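Taking it in order: structure first as structure tokens, then the write-up.
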Amino acid sequence: VTRESWPYAGRRDRQSRLTDRRPGIIYAAWRNGWQRVLSSPAIVAGVLAMTLVLALPLALTMRGLLQEHLGGSLMAHEAADAVNYDWWQEFTSQTAGLGATFSPTIIGFASTLDAISGLMDRQSRIVPVAAAIAMYLAGWTFLVGGILDRYSRQRPTRARGFFAACGIYVVRFVRLALAAGVVYWWLFTYVHPWLFADLYPAVTRSVSVERTAFVWRLVFYAIFGTVLLSVNVLFDYAKIRTVVEDRRSMIAALAAALRFIARCPGRVTGLYVLNSTMLLAVIAIWALVAPGARGAGLSMWLTLAAGQVYLLARLVLKLHFLASQTALFQASLAHARYTAAPEPVWPESPAVETVRPAP
Amino acid sequence: VQIRVVAMACVCTLTIGPWTGVRGEQERPPSVQSFDHRDPGALSPRNAGYDIDVRLDHGRRRLDGRQTIRWRNISAYETDELRLQLYWNAWRDLDSTWLRGHRRSRGTLPTRPEHFSAIDVSAIRLRAPDGPPVNLMADARHIAPDDGNDADRTVMAVPLPFVVRPHDTVEVDVEWTAQIPAPFTRIRVGWIGDYYFIAHWFPRIGVLEDGGWKAHQFHAHTEFYADYGEFDVRITAPRPFVVAASGRETERTDNPDGTVTHRYQGQDIADVAWTASPHFIDLRRTFEHPALPRVEMRLVLQPEHRGQQERHFSATAAALRYFGEWFGPYPYDHLTIVDPAYQSGSQGMEYPTLFTAGTRWLAPRSVSVPESVTIHEVGHQFWHGVVGTNEVEHAWMDEGLTAYAGARVIEEMGLPNRLGMRYFGGFVPWVLRDIRLQRATDGNSLARYREAPNADTPATPTWQYWPTTATVITYSKTALWLHTLERHIGWPMMRQILATYFDRWKFRHPQPDDFFDIANEVSGQDLTWFFDQVYRGSSVFDYGVQELSSERIADGHHRTTVVVQRIGEGVFPVEVVTTFADGVQVRERWDGVDRRIVYEYDQPSPASTVQVDPERVLLLDVNYTNNSRTLEPRAREASLKWSLRWMVWLQELMLTYGFFL
């Protein structure tokens, strides 16, 4: 994207942009976010690859468990060609730990429902799965500095620059992640039980109509979800301000993020709602097209590909959240494509002397 | 509108044959009550009749009742006391036997005052033919014949001033009040909002057998046992309430105080349950069948389930049809289906001529809810309602039999019967269209049985089962062994057994051996070896292939060695089928007694597969994966396919949780 293509660039001063309440800026940030994401496909591919790398060892372990249980049995034929639910139940009854997570919920869209519902209902995950998720979060914490640096600069930083930025911000973002962890821990340890184990049962104790109870449940999901998303927005902008303004103090970054959100809540919320709508649309489409249990062979690989395409779409949208929020922030409080931190320049490797001797 | 079951008259003449051809009244085997004969024109001995006046105090959530019990001793036992069941005292305090058992099973305990209930008897008067009533209240006392729990008040012994001999009749008037509980778990009675479900609610007389009283305390995982009689119940409730009860409504009286008295009468039933709510949608259909009696089906439906009425009616009609064709006709001309209110804890329970179904607001058509629970509860109209088993001591005789037969009806109906998962607090359903539930495994709950196959010996009285695993033995194990028996002797024979059992024991109280005797007699086989294992023992069945190998021998043939192993303690004859690469099959019959058996074959081709029990007769086998072996296994393919699926699930979990960081 060129500076000229940014609709607000050069037209107004920073203050006027900040107070501009036209909805157009939301759309512009949203559109610009797409440009930033799509111009850096390596980031998308890299993060998706990280999920694969982290999931693969456990998947291989699971494969070993399944293969060992099936052994030379004819039960494998039906399991390979379709679903052998009888064998499935037999396997889960005879296994514990990782094997116990092999539930029919992994089929098709049920997988998505399980993930979201499990989060909203505070479903605990077994240690290996929780560990894989934790490793992903750690990896993400490392990468997000480079991702935001790339999105804020809006030009290729190449692998060297990308990972250098990751290195620059990782300690700061670990501190920020710890703060986020404390907040999420408090939300899930105290707020969630208070809402869903105390308040919800109290409110629905005498409800004799399921539809009414469901509406109450949705209200509580909305409350908890709003809190979660608000925290998410706050930490997103804290990360963005950390990178764009080269902030060292994460407390100051959080305060600055809060100030930004407080000064233009409409834009922040509008953009978040727009992005969330996109995410919901992708999930809805997946609900319609998610493949069921198919056979082995080509069908299996096509199903895997479909799953990866869906995950890719989810990931792109997550990255678009960050990119569009960066665009919004830069359009509001910073020059477009401006980052306070200098582009990291690293000294050459000593090997260069061998490759290119001094004249 | 009438539901006309699709069955041609000529077909029914054939299909209903078994119960028309069985032996009749004159060949009744002896029972636990020596004089349980039916009076002319009656279906049952009618020895325990009740006239009850009850008023629902909606504001105070209370019942005020007065009743007359007319009881005739049809046993050979002489007694000088009556025993009354006061079930609602089970939730009187935390020390009741019910709540002690419930605590052992780690169930939810009552925490709020409205969760507790009580039934207090204020007067018991014996009607004397030639004098004033005799007050029996002074000497009445609570007893605990099962566990000696002094705090339990669910059984009351009422001494009489004389001995009641066989054929003698006594009449007592009882006055009582009962506090209606709010459900804290699935206690199956109580109120929520302005919905009431009232069951096992009045002082009910126990069953006197030749060996003495059978009036057990109320236990957390057992149900009921009662004699048959005539009921005349007048229920007074606020005018807006729709009231539905066991029996037929014969009279309705508007009272000046804004209440309505509903009179329900029923004959040859052992209990009365009722429900009341101002919100019910009151619907009726007629079940008609060329060879079965007409039945008026009444459905009182929750408004939020409007649109599911046909699912309730069609499941009920199908159950009436199949059970009627297989076992014998439903003997009453009415049946009430109650759609319980959400969170009422009253779903899925059977009472004479009335049962509670159970559904959800979002209930996908391809998932068999409410059909499965509806069919199960209709099944109980036959097994427990008509064949009056003792649910406290032998719950398997009705629950297990109904689970087995209900699964068969679902299969016959051809329902889609897909696996449904529920998310977001259980409110949001999702149908897994790739998984169709199977009668043999899912219908009989094999997965649940596998969790604790030897938790208890079924011959143990049910009230003594370990609470957390009681249902595994009562429902799942019984359904599985009955289905195993069906596959072993064939469905026509099984049907003949059940029809004979139904005919001989309708409106009586059979014992387990009565069922086993009929099975042996009708099948013409001594099946004691089977019943010893599945009923009197807790053996686990598991047969498996230990080895399959084929090697070339001198003359160009292949020597195939098959080793089959009995891994579990249970013994059952099984077939062993070895298939060779050229398609040749060798079928062996193994008595399954030894720990293993070795078969060797010299064949032109090497072996391809071996299967133990390929028809899966032995449904109690807890590990069927080891029942087969192939020399061309596809475990690698299957495990790769499913582990990739699982990997995508894990990746999505990562993205979902990572979204917030």
Side-chain angles (χ1 to χ4, degrees), chain A residues 51 55 58-59 62-63 66-67 69-77 79-80 83 85-87 89-90 93 102 104-107 110-113 115-117 119-121 129 132-133 136-137 140 177 180 206-211 213-214 217 228 232 292-293 296 300 304 307 311 314-315 318, chain B residues 192-193 195 302 304 341-344 360-361 419 421 423-425 427-428 430 432-435 438 441-442 446-447 450-451 548 609 611 623-626 628-631 633-661:
Chain A
T51 67
L58 288 180
M62 177 63 81
R63 187 189 180 193
L66 299 177
Q67 192 171 332
H69 191 264
L70 282 167
S73 175
L74 285 169
M75 297 285 258
H77 287 56
V83 185
Y85 188 50
D86 182 28
W87 160 75
Q89 293 180 94
E90 194 172 302
S93 75
F102 186 63
T105 203
I106 65 172
I107 299 175
S111 170
T112 305
L113 288 171
I116 301 171
S117 166
L119 180 78
M120 295 306 286
D121 287 341
V129 169
I133 294 170
Y136 172 76
L137 296 179
W140 174 258
S206 299
V207 171
S208 57
V209 177
E210 186 182 5
R211 196 171 40 199
F214 185 38
R217 188 92 185 173
L228 274 185
N232 177 229
M300 171 183 75
L304 176 68
L311 294 174
R314 286 270 307 261
L315 184 59
K318 166 61 184 169
Chain B
I192 187 160
Y195 165 89
Q302 299 294 330
E304 67 172 335
Y342 179 66
Q343 297 196 121
S344 66
R360 301 299 298 261
W361 174 50
L419 177 66
M421 310 282 287
Y423 301 95
F424 296 102
F427 287 103
V428 178
W430 188 257
L432 293 170
R433 301 193 182 282
D434 298 299
I435 301 180
Q438 302 297 317
T441 49
D442 306 301
L446 175 58
R450 275 199 204 101
E451 292 170 11
L548 169 65
T609 63
Q611 288 176 275
N623 188 342
Y624 196 67
T625 304
N626 67 12
S628 58
R629 187 77 63 89
T630 172
L631 293 178
R634 294 184 66 193
R636 287 172 64 85
E637 276 177 81
S639 60
L640 177 62
K641 175 184 125 176
W642 287 111
S643 58
L644 289 175
R645 270 307 176 90
W646 185 86
M647 185 181 74
V648 173
W649 167 79
L650 181 59
Q651 284 177 278
E652 185 161 15
L653 273 188
M654 290 175 182
L655 289 186
T656 303
Y657 284 80
F659 180 83
F660 295 97
L661 197 63

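Keep in mind that this is a model prediction, so the values were computed, not measured. For the numbers below, each heavy atom of this structure counts, side chains included, while hydrogens, waters and symmetry mates do not. By convention in this document, chain letters (A, B, ...) are assigned in the order of the sequence lines, proteins followed by strands, and residues within each chain are numbered from 1.
In this structure, chain A has a heavy atom under 4.5 Å from the side chain of Q611(B), while its backbone stays farther away. Only the side chain of M421(B) comes within contact range of chain A, with heavy atoms under 4.5 Å apart. Only the side chain of A180(A) comes within less than 4.5 Å of a heavy atom in chain B; its backbone stays farther off. Proximity to chain A (any heavy atom under 4.5 Å) is shown, for E451(B), by neither the backbone nor the side chain. When heavy atoms are compared at a cutoff of 4.5 Å, L650(B) approaches chain A solely by way of its side chain, counted from C-beta outward. With a 4.5 angstrom heavy-atom cutoff, L548(B) does not touch chain A via any of its atoms. Only the side chain of D121(A) comes within contact range of chain B, judged by heavy atoms closer than 4.5 Å.
Between the side chain of W646(B) and the backbone N or O of M62(A), no donor-acceptor pair lies under 3.5 Å. Listed for the D434(B) side chain is no donor-acceptor partner under 3.5 Å among the backbone atoms of G292(A).
Atom CZ of residue R433(B) and atom CD1 of residue I107(A) lie 13.0 Å apart, to the nearest 0.5 angstrom.
You'll find the side chain of M300(A) reaches within 4.5 Å of the side chain of L644(B), heavy atoms only. Residues Y624(B) and M75(A) are in side-chain contact: their nearest non-hydrogen atoms beyond the backbone lie under 4.5 Å apart. Put simply, the side chain of T105(A) reaches to within 4.5 Å of the side chain of Y423(B), judged on heavy atoms. Contact annotation: the side chain of P104(A) approaches that of I435(B) to within less than 4.5 Å [non-hydrogen atoms, C-beta and beyond]. By the 4.5 Å heavy-atom criterion applied to side chains, E210(A) and Q343(B) are not counted as neighbours.
When all heavy atoms are compared, the tightest approach of A80(A) to A638(B) is N-CB, 3.7 Å. Residue A447(B) comes nearest to Q89(A) through the heavy atom pair CB-OE1, 3.2 Å, listed as atom of the first residue, atom of the second, then distance.
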Margin query: L311(A) vs E652(B), test: side-chain contact (heavy atoms from CB on, under 4.5 Å). Steps then yes/no.
Written below: CA-CA 7 Å; L311(A) 294 174; E652(B) 185 161 15; 3.8 Å; yes
